[in-house]
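Everything on this sheet refers to the single structure shown next.
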Amino acid sequence: MTELTITAGPFTFTARLEMHDAPKTCAAFLERLPYDSQIVHVRWSGEGVWVPLGDEDFGVGYENHTSHPAPGHIILYPGGISETEILLAYGGVDFSSKMGQLAGNHFITLTSGLENLAALGKKTLWEGAQPIRFELA
């Protein structure tokens with residue numbers, strides 16, 4: 001099991017890569033570690049934060065994809081109808097864009113720090129973009 005440390009805003013989470021269910025997505029992401037960016041609050045999808053990635057190509061298609069990630073699930077939308085993005089659900093999510101419903105690859109699951117998810121989401125909503133860093137644990 002490959003474990004990650006994710007620091008988002010003032011919070012730290014531990015997580016596991018879903019290597020069995022999303023091996024290509026996990027491999028593509030591992031090549032980019034450590035990964036630094038910013039999260040902003042989602043526009044259409046509900047209670048989530050996202051990393052907008054424009055036309056960045058991870059070189060993967062759909063695997064282990066969902067439109068309804070659970071709190072603590074991180075998905076990668078590989079692009080196509082909308083821009084490439086990474087989304088972290090902190091509550092109820094119906095993954096969508098202005099073009100309609102989307103599906104993203106569930107490739108990371110938070111394993112600790114879940115009690116801080118709602119606070120991270122609300123901080124991002126009311127205070128704006130927050131830094132995020134993914135690195136091997």
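Below, each value reflects all heavy atoms present in this structure, side chains not excepted, and no hydrogens, waters or symmetry copies. Quick note: residue numbers are just sequence positions, from 1.
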Hey, are the side chains of Ile86 and Ile132 touching, using non-hydrogen atoms and a 4.5 Å cut-off? no
The complete set of salt bridge (charged side-chain N to carboxylate O under 4.0 Å, His left out) pairs with one or both residues in residues 122-137, sequence neighbours excluded, reads Asp36-Arg133, Lys123-Glu127, Arg133-Glu135
Is there a donor-acceptor pair under 3.5 Å between the side chain of Ser67 and the backbone N or O of Leu102?
-> yes
(message) So that I know where these two stand, are Phe95 and His106 an aromatic pair - ring centroids less than 6.0 Å apart?
(response) no
Flag the pair Phe134 / Phe29 as yes when at least one side-chain heavy-atom distance between them is below 4.5 Å, and no otherwise. yes
For Ala70 and Ala89 the tightest heavy-atom approach is O-CB, 3.4 Å
Side-chain contact, heavy-atom cut-off 4.5 Å: Leu120 with Ile39?
yes
Between Ala129 and Gln38 the two heavy atoms that sit nearest each other are CB-OE1, 3.9 Å
**Item:** Close side-chain approach of Leu114 to Pro71, heavy-atom, < 4.5 Å
**Value:** no
With sequence neighbours left out, the residues meeting side chain to side chain donor-acceptor pair (under 3.5 Å) with Thr14 are Thr111, Ser112
For Ser97 and Trp44, the nearest pair of non-hydrogen atoms, with its separation, is CA-CD1, 3.4 Å
Cluster membership besides Trp126, Ile/Leu/Val/Met/Phe/Trp/Tyr side chains within less than 4.5 angstrom, sorted by chain and number, is Leu125
Trace of the side chain to side chain contact (heavy atoms under 4.5 Å, CB included) decision for His68 with Asp94: CA-CA 5 Å; His68 300 100; Asp94 182 11; 3.2 Å; yes
> Got Gln130 and Pro10 here, is their nearest side-chain heavy-atom distance under 4.5 Å?
Replying inline: yes
When every non-hydrogen atom of Ser45 is compared with those of Val42, the smallest separation belongs to N-CG2, 4.0 Å
Nearest heavy-atom contact between Val60 and Lys24 is CG1-O, 3.5 Å
Sorted by chain and residue number, the ring-ring contact (aromatic ring centres under 6.0 Å, His included) partners of Tyr62 (sequence neighbours excluded) come out as His65
Item checked: Beyond-backbone contact of Phe58 with Pro78, side-chain heavy atoms, under 4.5 angstrom -> no
Hey, does Leu136 have a side-chain heavy atom less than 4.5 Å from the side chain of Leu30?
yes
So do Asn64 and Phe107 actually touch side chain to side chain, heavy atoms under 4.5 Å? no
> Do Leu88 and Trp50 pass the side chain to side chain contact (heavy atoms under 4.5 Å, CB included) test, and can you show the C-alpha distance, the side-chain angles, and the key distance before you say yes or no?
Replying inline: CA-CA 6 Å; Leu88 166 57; Trp50 67 303; over 6 Å; no
Heavy atoms of Pro69 and Leu87 approach each other most closely as CG-CD2, 4.0 Å
dist Met19:CE -> Ile108:CD1 (nearest 0.5 Å) comes out at 11.0 Å
Sorted by chain and number, sequence neighbours left out, salt bridge (charged side-chain N to carboxylate O under 4.0 Å, His left out) with Glu47 holds for none
Salt bridge (charged side-chain N to carboxylate O under 4.0 Å, His left out) pairs touching residues 52-67, sequence neighbours excluded, are Arg32-Glu56
